[in-house]
Amino acid sequence: MSIPVYMDNNATTPCDQRVVEAMLPYFTKHFGNAASHTHSYGWVAKGAVDFAREQIAGFIRSEPGEIIFTSGSTEAINLAIKGIFELYHQKGNHIITCGTEHKAVLDTCKALEKRGAQITYLPVNKDGSISLADLENAITPHTILVALMYANNETGYIHPVKEISKIVHERNSYFFCDATQAIGKIPVNVNEDGIDLMSFSGHKIYGPKGVGALYLRRKNPRMRVQSQMDGGGHENGFRSGTLNVPGIVGMGMAVQLCSNEMSQDSERISRLRNQLEQAMLKTGKVSVNGNVTSRLPNVANLAFHEVNGSQLITEVTKSIAVSTGSACTSALPEPSHVLRAMGLPDDLAKASLRFSLGKFTVQEEVEFASKTIEDILKSL
Ligand code: PLP
């Protein structure tokens with residue numbers, strides 16, 4: 001066990017050794033540019049990209065031609081939301097999202113507000129859920145996109161994606177889903193879930209950093225987005241730029257491993273998460289933030305009562321790598337926008353920690369974390 005114990009897998013995950021091994025030849029021996037059509041170096045690279053595209057498309061039940069490789073989820077989110085805003089402006093300028101989305105979505109929407117978009121930020125309930133009636137009422141004939149995440153990165157709350165897509169489509173709009181935290185943890189099927197565009201990322205699933213993808217539905221309905229990167233017309237013109245071949249190969253392998261191992265990993269991880277959470281609840285000073293019935297298997301977002309938040313965080317992070325979910329500067333500690341949107345008072349939001357376990361988390365680490373925090377709570 002190495003200290004600090006790593007419990008911040010929603011921030012990023014270590015690369016699986018099998019992913020690293022799959023990637024290595026594409027840095028050296030097979031270094032070709034996937035867009036070089038005239039020689040075998042290029043063909044080998046393109047073959048590897050095509051294979052990864054098939055692995056990834058198969059995992060989310062899409063077609064290979066519906067996958068656009070990007071540098072990560074943030075880029076995929078920008079491409080989806082800005083790309084729809086720019087191409088569908090004749091239909092309208094209205095986009096719906098909610099207050100607990102990732103900053104990549106919220107800040108993209110804010111940027112579009114300056115360009116004339118009208119954004120509705122749906123409120124959330126205490127448990128992080130939205131009211132489906134609110135969603136239904138918010139959609140107008142000018143609503144070009146509903147952007148709601150699959151699962152929340154801070155609380156793990158899973159939105160009722162099928163119900164959301166049904167409402168969105170009945171009202172003739174389109175559904176973009178940020179599935180960065182859901183992919184690899186719970187099954188995602190773009191057809192059954194009714195998703196029109198979806199973002200996800202390699203480094204959250206034991207793959208490399210700097211690679212991600214946008215799923216763009218090509219049939220029923222055929223979606224289009226305005227490219228945000230001009231250049232050589234790669235990725236069917238949707239995202240110019242030389243493809244990150246080793247990264248894409250690594251993401252393909254990471255997805256393949258999820259496909260083979262996700263269900264047994266998730267079961268084990270959720271047992272460990274529950275064990276940690278139960279130990280914390282037993283102290284009598286802890287409550288769970290967010291809905292616990294519709295939640296990712298690896299996350300526990302816990303509020304620590306009657307303690308000073310910054311003292312708690314300083315002590316805990318000496319030996320456990322967890323996140324506060326907040327953007328902090330020492331002068332101005334800002335409570336998490338997600339917990340705030342859920343109505344948590346600022347002092348409790350500041351004394352909340354997100355534990356996100358992963359497939360490399362072991363029992364010993366959970367026991368260590370529980371004991372360490374119990375001791376800290378006694379000492380504070
Ligand atoms: N969306 C969610 C829900 C996330 O958790 C993250 C990463 O923290 C992102 C988007 C951004 O992903 P990336 O790091 O691949 O840009």
Side-chain angles (χ1 to χ4, degrees), residues 6-15 19 56 60 67-82 97-111 124 128 130 145-159 161 164 175-186 188 193 195 197-215 228-229 239 241 244 247-248 250-252 254-255 258 289-290 294-301 321-328 336-339 341-342 354-358:
Y6 192 70
M7 292 197 170
D8 203 11
N9 286 274
N10 277 15
T12 195
T13 54
C15 243
V19 167
I56 293 164
I60 60 167
I67 303 294
I68 302 167
F69 286 115
T70 64
S71 63
S73 207
T74 300
E75 190 194 332
I77 290 165
N78 273 266
L79 176 56
I81 302 179
K82 290 178 181 164
T97 185
C98 84
T100 50
E101 289 293 309
H102 191 273
K103 288 284 181 185
V105 169
L106 294 176
D107 287 354
T108 299
C109 287
K110 279 208 191 94
V124 299
I130 56 160
L145 194 67
V146 173
L148 291 169
M149 69 203 323
Y150 212 114
N152 187 272
N153 46 305
E154 292 194 26
T155 62
Y157 172 64
I158 302 168
H159 276 298
V161 167
I164 289 172
F175 180 32
F176 163 67
C177 189
D178 171 8
T180 312
Q181 294 292 347
I183 291 284
K185 296 179 184 130
I186 54 173
V188 171
D193 292 335
I195 295 170
L197 308 95
M198 182 173 86
S199 64
F200 48 108
S201 189
H203 73 103
K204 309 284 187 185
I205 55 168
Y206 311 95
K209 293 171 181 57
V211 62
L214 177 69
Y215 157 75
Q228 301 298 307
M229 197 88 90
R239 200 274 190 182
N244 170 4
I248 289 167
M251 187 167 166
V255 159
C258 289
N289 294 323
S294 178
R295 185 169 55 151
L296 291 175
N298 72 316
V299 188
N301 193 313
V322 289
S323 122
T324 58
S326 65
C328 286
S336 138
H337 74 278
V338 171
L339 300 181
M342 289 160 58
R354 176 188 71 180
F355 298 82
S356 51
L357 280 52

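Positions are given from 1 along the sequence. Remember, it's 1-based here, ligands and their atoms both numbered in the order they're listed. The shown structure was predicted, so the numbers you read here are calculated from the model rather than taken from an experiment.
Regarding atom 1 (N) of ligand 1, its nearest protein heavy-atom neighbour is Asp178 OD2, 2.6 Å. For atom 11 (C) of ligand 1, the closest non-hydrogen atom of the protein is Thr74 OG1, 3.4 Å. For atom 5 (O) of ligand 1, the closest non-hydrogen atom of the protein is Gln181 NE2, 2.7 Å. For atom 4 (C) of ligand 1, the nearest non-hydrogen atom of the protein is His102 CD2, 3.3 Å.
Contact annotation: the side chain of Lys82 approaches that of Thr108 to within less than 4.5 Å [non-hydrogen atoms, C-beta and beyond]. Between Val299 and Tyr157, the closest side-chain pair of non-hydrogen atoms is not below 4.5 Å. Side-chain contact check for Pro14 versus Asn9: some heavy-atom pair is nearer than 4.5 Å. Side-chain contact check for Ser73 versus His102: every heavy-atom pair is 4.5 Å or farther apart.
For a threshold of 3.5 Å applied to N or O pairs, the pair formed by Ser201 and ligand 1 contains at least one separation below that value. Considering both main-chain and side-chain atoms, Ser73 comes within under 3.5 Å of ligand 1 through a nitrogen or oxygen pair.
Residue contacts with ligand 1 for Thr180 involve side-chain atoms from C-beta outward but no N, CA, C or O (heavy atoms, distance under 4.0 Å). Here Met149 has side-chain heavy atoms under 4.0 Å from ligand 1, and that is the only part of it that gets that close. When heavy-atom distances to ligand 1 are checked against a 4.0 Å cut-off, Ala104 has no atom that comes that close, whether in backbone or side chain.
Side chain of Arg295 to main chain of Gly290: no donor-acceptor pair is present (N/O by atom type, distance under 3.5 Å, no hydrogens or angles). For Asn301 (side chain) and Arg354 (main-chain N/O), no donor-acceptor pair under 3.5 Å exists by modelled atom type. Using a distance-only test at 3.5 Å, with no hydrogens or angles considered, no donor-acceptor pair links the side chain of Ser201 to the main chain of Lys204.
Taking SG of Cys177 as the start and CD1 of Ile195 as the end, the distance is 4.0 Å to the nearest 0.5 Å.
Residue Lys204 places a heavy atom under 4.0 Å from ligand 1. Proximity of His203 to ligand 1 is established by a heavy-atom distance of less than 4.0 Å. At least one heavy atom of Ile77 sits closer than 4.0 Å to an atom of ligand 1.
Heavy-atom minimum distance, Ile158 versus Leu296: CD1-N, 3.7 Å.
Per-residue contacts place Gly72 under 4.0 angstrom from the following atoms of ligand 1 (heavy atoms of the residue considered): 15 (O).
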